Amino acid sequence: MTRKGSALWNPYLAGVALGLVLFATFFATGHGLGVSGATTSLTAVGAAAVAPHLVGPGSYLAGYVRMGLNHWIEWEVLGVAIGAVAGALAARRFDPMIDGPTRLGPLARLILAAIGGTVTGFGARMAMGCTSGMGLSGGATLAAAGFLFLIGFFGGGLAAGFALKPLWRGGE
Amino acid sequence: MVGPLQLAGPVSGLILGFGFGFVLENAGFGDPKKLTAQLRLTDWSVFKVMFTAIIVCAVLLTIASGLGLVDMKRVFVPSVYFWGTLLGGVGLGVGMAVGGYCPGTCVVGLMSGRLDGLIFLLGVGAGTLIFNGAYPNIKFWAYAQTGPNAWTLPQLLHLPAWLVLLGLLAVLVGVGGLTAVSRGPGKREA
């Protein structure tokens, strides 16, 4: 399958670059890179604006509402967004589309994205972190939690990945 | 200058996040077909990038700590909440297999033009709200801590850090070697 834009980086070189950014993050801040902390804060603040009864005192998200949005991880995720669009534009890979399983139409793709995102959002709170915050950053401190997370991630992912192979295959 | 420097402001967040997003995009991780191909074992990039990054960063942290350049007591190391950590991981794996992303890569997908990345991100918000509702019923078992605070693999396995790092490197080299054989032209999904 042909793709637009420049070739991707070699995965080992991309891994070295990511490891250096991650180390710089630990050195600068004392913690690693994360994303779901920011999505959780955004959800909490958004819910407080439109449906405050969901995030009232004593609820899980109440503390996130109090913290607000002006903290490091929100700025970091904004940086991720800027870095990603810069990378996509520089490599001429920016391409408006509805991506997803090759055998499905646009609406079915968006429905699957919504379902997958919902499972992911629940899972990230369950684990108190996502692939970057728990798997990558936890793993880099050699935390047992990081590797336990990765066992669950690849175990659940492979089981579901093979079950859904008829939908996605042929896309690489 | 001994780290961590406790730079918690917008500038450090924007710069480090920029690097994170730029690398993820150039690794191809804004593409849900590439990400899910790892879960069908037809593309090993996710494993290679993550494991390489973990090893590079862990080696640098170990060296910097040994030289007294980083105070590891002030570096955040997550604790194990066995069922929460494990089942949460399963949720992220299943979520990626179904929807194509994780919370970070859906932002990268969105910023490279993919509407499904935005929908996945909104789904993450919905899942967070569902968790908020379910929290009173699951917090007792999901957030029950296993082991000491900030439990590490060297402590768990009673091995020195360098040996654990060598073991991780052996896994990366082994998997990398085994999966390099099947690459090249003509590769197809069976």
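Residue numbering restarts at 1 for every chain, and letters A, B, ... go by the order of the sequence lines. Since this is a predicted model, take the numbers as computed values, not measurements.
Counting all heavy atoms, side chain and backbone alike, B/Glu25 lies closest to A/Leu8 at O-CD2, 4.2 Å. Nearest heavy-atom pair, A/Ala14 versus B/Val49, reported as atom, atom and distance to 0.1 Å: CB-CG2, 4.2 Å. The two atoms that bring A/Ala144 and B/Leu156 nearest to each other are CB-CD2, 4.3 Å, heavy atoms only. Residues A/Gly100 and B/Pro32 share a closest heavy-atom pair of N-CG, 4.2 Å. Closest approach of A/Leu33 and B/Leu16 over heavy atoms only: CD2-O, 4.3 Å. Nearest heavy atoms, A/Thr120 versus B/Gly95: OG1-CA, 3.3 Å.
Heavy-atom distances place both the backbone and the side chain of B/Phe82 under 4.5 Å from chain A. In this structure, the portions of A/Ile82 lying under 4.5 Å from any heavy atom of chain B include both its backbone and its side chain. Using a 4.5 Å cut-off between heavy atoms, A/Ile111 does not touch chain B at all. Using a 4.5 Å cut-off between heavy atoms, B/Thr85 touches chain A through backbone and side chain atoms alike. At a 4.5 Å heavy-atom cutoff, the contact between B/Leu165 and chain A is made by side-chain atoms alone. Neither the backbone nor the side chain of B/Ala150 comes within contact range of chain A; no heavy atom of the residue lies under 4.5 Å from a heavy atom of that chain. Contacts of A/Met134 with chain B are made by side-chain atoms alone, with heavy-atom separations under 4.5 Å and no backbone atom involved. Proximity to chain A (any heavy atom under 4.5 Å) is shown, for B/Ile15, by neither the backbone nor the side chain. Looking at B/Phe20, the atoms closer than 4.5 Å to chain A (heavy atoms on both sides) sit in the backbone and in the side chain alike. Only the side chain of B/Leu121 comes within contact range of chain A, judged by heavy atoms closer than 4.5 Å. With a threshold of 4.5 angstrom between heavy atoms, A/Ala47 approaches chain B through side-chain atoms but not through N, CA, C or O.
To the nearest 0.5 angstrom, B/Asn26 atom CG is 4.5 Å from A/Trp9 atom CH2. Note that CG of A/Leu167 is 9.5 Å distant from CZ of B/Arg40, once rounded to the nearest 0.5 Å. Put simply, CZ on B/Phe120 and OG1 on A/Thr118 are 8.5 Å apart, with the number rounded to the nearest 0.5 Å.
Among the candidates B/Asn132, B/Leu7, B/Val80, B/Val23, the residue making the largest number of heavy-atom pairs closer than 4.5 Å to chain A is B/Asn132. Between chain B and the options A/Gly156, A/Gly152, A/Gly46, heavy-atom pairs under 4.5 Å are most frequent for A/Gly152. Looking only at heavy-atom pairs under 4.5 Å with chain A, the residue among B/Leu41, B/Val2, B/Leu24, B/Val164 that has the most is B/Leu41. Contact count against chain A (heavy-atom pairs under 4.5 Å) is highest for B/Val75 among B/Leu69, B/Leu122, B/Val75. Comparing A/Ala91, A/Ala84, A/Gly138 by heavy-atom pairs within less than 4.5 Å of chain B, the highest count is held by A/Ala84. Annotation: maximal heavy-atom pairing with chain B below 4.5 Å, among A/Ala160, A/Gly161, A/Gly30, occurs at A/Gly30. Note: A/Leu148 leads A/Val35, A/Leu18, A/Leu148 in heavy-atom pairs under 4.5 Å with chain B. Top candidate by heavy-atom pairs under 4.5 Å with chain A, chosen from B/Leu87, B/Leu129, B/Val70, is B/Leu129. Interface remark: of the candidates B/Tyr135, B/Trp151, B/Trp44, B/Phe76, B/Tyr135 forms the most heavy-atom pairs closer than 4.5 Å to chain A. Listed options B/Gly3, B/Gly30, B/Ser112 were ranked by heavy-atom pairs under 4.5 angstrom with chain A; first place goes to B/Ser112. Most heavy-atom pairs under 4.5 Å with chain B: of the set A/Ala114, A/Ala28, A/Gly135, this distinction falls to A/Ala28. Options A/Arg109, A/Met126, A/Glu76 differ in how many heavy-atom pairs under 4.5 Å they form with chain B, and the most are formed by A/Met126.
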Test side-chain contact (heavy atoms from CB on, under 4.5 Å) on B/Leu168 and A/Phe147 and set out the steps.
CA-CA 11 Å; B/Leu168 293 176; A/Phe147 290 91; 3.8 Å; yes

Which is it for B/Asp31 and A/Arg93 under the side-chain contact (heavy atoms from CB on, under 4.5 Å) test, yes or no, and what are the steps along the way?
CA-CA 10 Å; B/Asp31 180 347; A/Arg93 274 191 294 266; over 6 Å; no

Considering only distance and modelled atom types, tabulate donor-acceptor pairs under 3.5 Å from the side chains of residues 96-110 of chain B, sequence neighbours left out.
from	atom 1	to	atom 2	distance (Å)
B/Tyr101	OH	B/Asp116	OD2	2.7
B/Thr105	OG1	B/Cys102	N	2.8
B/Thr105	OG1	B/Cys102	O	3.4

Output a table of donor-acceptor pairs, distance under 3.5 Å, between side-chain atoms of residues 52-65 of chain B and any protein atom two or more places apart or on a different chain; print 'none' if there are none.
from	atom 1	to	atom 2	distance (Å)
B/Thr52	OG1	B/Lys48	O	2.6
B/Thr62	OG1	B/Ala58	O	2.7

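Of all residues in residues 51-63 of chain A, those placing a non-hydrogen atom less than 4.5 angstrom from a non-hydrogen atom of chain B are A/Leu54, A/Val55, A/Ser59, A/Tyr60, A/Leu61.
Counting heavy atoms from C-beta on, the side chains of B/Pro78 and A/Thr141 come closer than 4.5 Å. Contact check for B/Val124 versus A/Ser36: no side-chain heavy atoms found under the 4.5 Å cut-off. Residues A/Thr29 and B/Pro4 form no side-chain contact, since every pair of their non-hydrogen atoms from C-beta on lies 4.5 Å or further apart.
Residues satisfying the side chain to side chain donor-acceptor pair (under 3.5 Å) test with B/Arg74, not counting sequence neighbours, are B/Asp71.
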